[in-house]
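Because only heavy atoms are used, hydrogens play no part in the values below, and waters and symmetry mates are left out as well, while side chains stay in. Here, residue 1 is the first one in the sequence, and each next residue gets the next number. Everything numeric in this text was worked out from a predicted model, so none of it was measured.
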Amino acid sequence: MPAQPTGETPPLDGSLPASAGVGAAARGLSLYVHVPYCRVRCGYCDFNTYTAEDLGPGASRDDYRSNLSRELDLSVRVLAEAGAGDREVTTIFFGGGTPTMLAAEVLAGVMDDIRDRFRLAPDVEVTTEANPDTLDPAYIATLAAAGFTRISLGMQSAVPHVLATLDRTHNPAKIPDVARWIKEAGLELSLDLIYGTPGESIDDWRRSLEVALSNDVDHISAYSLIVEPGTKMGAMVRRGELPMPDEDDLADKYEIADAAMAAAGLHWYEVSNWSTSAETRCDHNMAYWRNADWWGFGPGAHSHVGGVRFWNAKHPRAWSDRLLAGESPAIGREVLDESTQEIERIMLAARIDSELPLDSLGAGSERAIRGFVKQGLLDGDAVDEGRFEPTLQGRLMADYMVRILTDYVD
């Protein structure tokens, strides 16, 4: 797992600086719930996850809801004291790990605990990530009754040998059944895909897209494989047992994905995300990309409130011990200055279709924008209308454009 960032040590009571509450009423509030449990640890994954055998009493699945309720209480107090409370929660996202390693009744109970403490918007979006082998119709029905509105299903691939390389344990033949159960329960269906796994051919990738798009899907996230240091896969690549993903192969697969999505009626709205309409976009992720306020609950979770970023102790035992002691689980924080916030705004907005107003960029950036149009990276008509709309090639080179644009930030 990657090391946590360094920063200043926050107060033990979790209190935020007064600046965090400035303008809070105009900002949205989202909640992220990190569930760190997995059945197995996938070889490519560097997320903060643990198998059941890793953890003992106090940090186990049996203790999770009670520990989380303590952090919920703390968050309500801290937000209120900072003048950043009393807002509708517009999105909630359960991530991991595998949240559905918890019993459906536990996830439903956590939703009850959240409702007891926060005011939820009438149309609040509530998503959980899930692995296909953790779901059945009864489980999904319990989530729907508890107010969940979306399931983000970790499909990754439809090809057995690709899943094996990723250490994914689910049977890809089960995907159509699980997708049908999700839609029959009235929930939106999002599928997560990974491309560029060592040994994955172009035909393998086309097969995964074909299966994903045949399942009445509302939303697809497709990410290129990143070989992270410190992972099992990272060690295998370092030893020469697996090849490093090829950049040209990744670009080809992205272009294939975009064409297949468009043909099926899904359109890109963020570099790695496609949806059937504006209504089926992931509003929670949009909140991140728009630098809204969110509180992250659980081991290792990160939060952002009014330009203050803070993060929890990573290990579930350390997280729970601090809460049991009546202390905040936050072990570090960073107060972002105006320049840093502006750089992050550009970095995030440039990845979203027409989300970055050109008149909001720094003085002198007009020349760079004209250059991007000449290079075929931005749509010229959109630029004439004041919008930053990357072309297909521009999406592949979004980081390049961001590096240039952030040079104009004071």
Side-chain angles (χ1 to χ4, degrees), residues 1-6 32-55 59 61 93-101 128-134 152-172 191-201 204-205 208 221-251 253-254 257 271-273 285 288 296 298-302 311-319 331-332 399:
M1 296 178 195
Q4 288 185 288
T6 57
Y32 171 75
V33 181
H34 187 73
V35 182
Y37 312 108
C38 280
R39 182 166 295 163
V40 298
R41 185 162 175 79
C42 298
Y44 67 93
C45 179
D46 72 337
F47 293 167
N48 187 37
T49 64
Y50 305 82
T51 64
E53 292 74 23
D54 292 333
L55 305 169
R61 286 179 287 175
F93 196 101
F94 289 70
T98 308
T100 49
M101 285 292 291
T128 186
E129 295 180 332
N131 284 349
D133 54 2
T134 61
S152 180
L153 196 63
M155 174 180 166
Q156 316 309 358
S157 174
V159 180
H161 79 84
V162 175
L163 292 172
T165 301
L166 294 170
D167 290 327
R168 301 291 292 185
T169 59
H170 69 269
N171 180 356
L191 295 175
D192 288 350
L193 299 175
I194 291 177
Y195 58 92
T197 299
E200 179 191 59
S201 68
D204 290 335
W205 178 232
S208 293
S221 299
Y223 300 104
S224 63
L225 178 70
I226 298 175
V227 178
E228 300 285 2
T231 62
K232 173 186 171 184
M233 181 175 282
M236 294 176 74
V237 169
R238 189 175 64 251
R239 293 193 299 263
E241 298 170 15
L242 289 175
M244 180 68 77
D246 178 77
E247 291 296 327
D248 290 336
D249 177 70
L250 295 176
K253 287 174 178 173
Y254 183 88
V271 168
S272 299
N273 289 272
N285 285 343
Y288 290 153
H302 286 230
W311 49 91
N312 286 350
K314 180 174 285 187
H315 197 278
R317 168 64 70 181
W319 170 73
I331 60 168
D399 291 344

Test H161 against D204 for side chain to side chain donor-acceptor pair (under 3.5 Å), laying out the working first. CA-CA 9 Å; H161 79 84; D204 290 335; 2.9 Å; yes
How would you list, by chain and number, every residue that makes a side chain to side chain contact (heavy atoms under 4.5 Å, CB included) with D192, sequence neighbours excluded?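 So D192 forms a side chain to side chain contact (heavy atoms under 4.5 Å, CB included) with S152, Q156, S190, S221.
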Identify, with sequence neighbours excluded, every residue that meets side chain to side chain contact (heavy atoms under 4.5 Å, CB included) alongside A235.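 Per chain and number, A235 pairs via side chain to side chain contact (heavy atoms under 4.5 Å, CB included) with R238, R239.
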Residues that [X] engages under side-chain hydrogen bond (donor to acceptor under 3.5 Å, both in side chains), provided they are two or more places apart:
| X | result |
| --- | --- |
| T128 | none |
| W319 | E71 |
| T134 | T100 |
| T98 | N131 |

Would L225 and L166 count as a side-chain contact (heavy atoms from CB on, under 4.5 Å) if you check the C-alpha gap in whole Å, the side-chain angles of each, and the deciding distance to 0.1 Å? CA-CA 10 Å; L225 178 70; L166 294 170; 4.2 Å; yes
Once rounded to the nearest 0.5 Å, what's the spacing between atom [atom1] of [X] and atom [atom2] of [Y]?
| X | Y | atom1 | atom2 | answer |
| --- | --- | --- | --- | --- |
| L242 | M236 | CG | CE | 4.0 Å |
| K314 | H34 | NZ | NE2 | 9.5 Å |
| N285 | S272 | CG | OG | 10.5 Å |
| W205 | S157 | CH2 | OG | 8.0 Å |
| M233 | E241 | CE | CD | 11.5 Å |
| R168 | I194 | CZ | CD1 | 7.0 Å |

Test ring pair (Phe, Tyr, Trp, His ring centres under 6.0 Å) applied to H302 - qualifying residues, sequence neighbours left out: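 If we apply the ring pair (Phe, Tyr, Trp, His ring centres under 6.0 Å) test to H302, skipping adjacent residues, the hits are W311.
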Using the ring pair (Phe, Tyr, Trp, His ring centres under 6.0 Å) criterion, which residues pair with Y223? Sequence neighbours excluded.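 Residues passing ring pair (Phe, Tyr, Trp, His ring centres under 6.0 Å) with Y223: none at all.
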Where do [X] and [Y] come nearest, in terms of heavy atoms and distance?
| X | Y | result |
| --- | --- | --- |
| P172 | P160 | CG-CG, 4.2 Å |
| P316 | P36 | CG-CG, 4.1 Å |
| A313 | A318 | CB-CB, 3.9 Å |

Y254 (side chain) donor-acceptor with S224 (main chain) under 3.5 angstrom: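 No, the answer is negative, given that no donor and acceptor are paired below the 3.5 Å cut-off.
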What I'd like to find out is whether the side chain of E200 reaches to under 4.5 Å of the side chain of V159, using heavy atoms alone.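 Not touching, per the 4.5 Å side-chain cut-off.
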Which residues pass the salt bridge (charged side-chain N to carboxylate O under 4.0 Å, His left out) test with D249, not counting sequence neighbours?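 Only K253 meet the salt bridge (charged side-chain N to carboxylate O under 4.0 Å, His left out) criterion with D249.
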Could you list the residues that satisfy salt bridge (charged side-chain N to carboxylate O under 4.0 Å, His left out) with D133, not counting sequence neighbours?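 By the salt bridge (charged side-chain N to carboxylate O under 4.0 Å, His left out) rule, D133 matches R39.
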Would H170 and L163 count as a side-chain contact (heavy atoms from CB on, under 4.5 Å) here? Give the steps. CA-CA 8 Å; H170 69 269; L163 292 172; 3.8 Å; yes
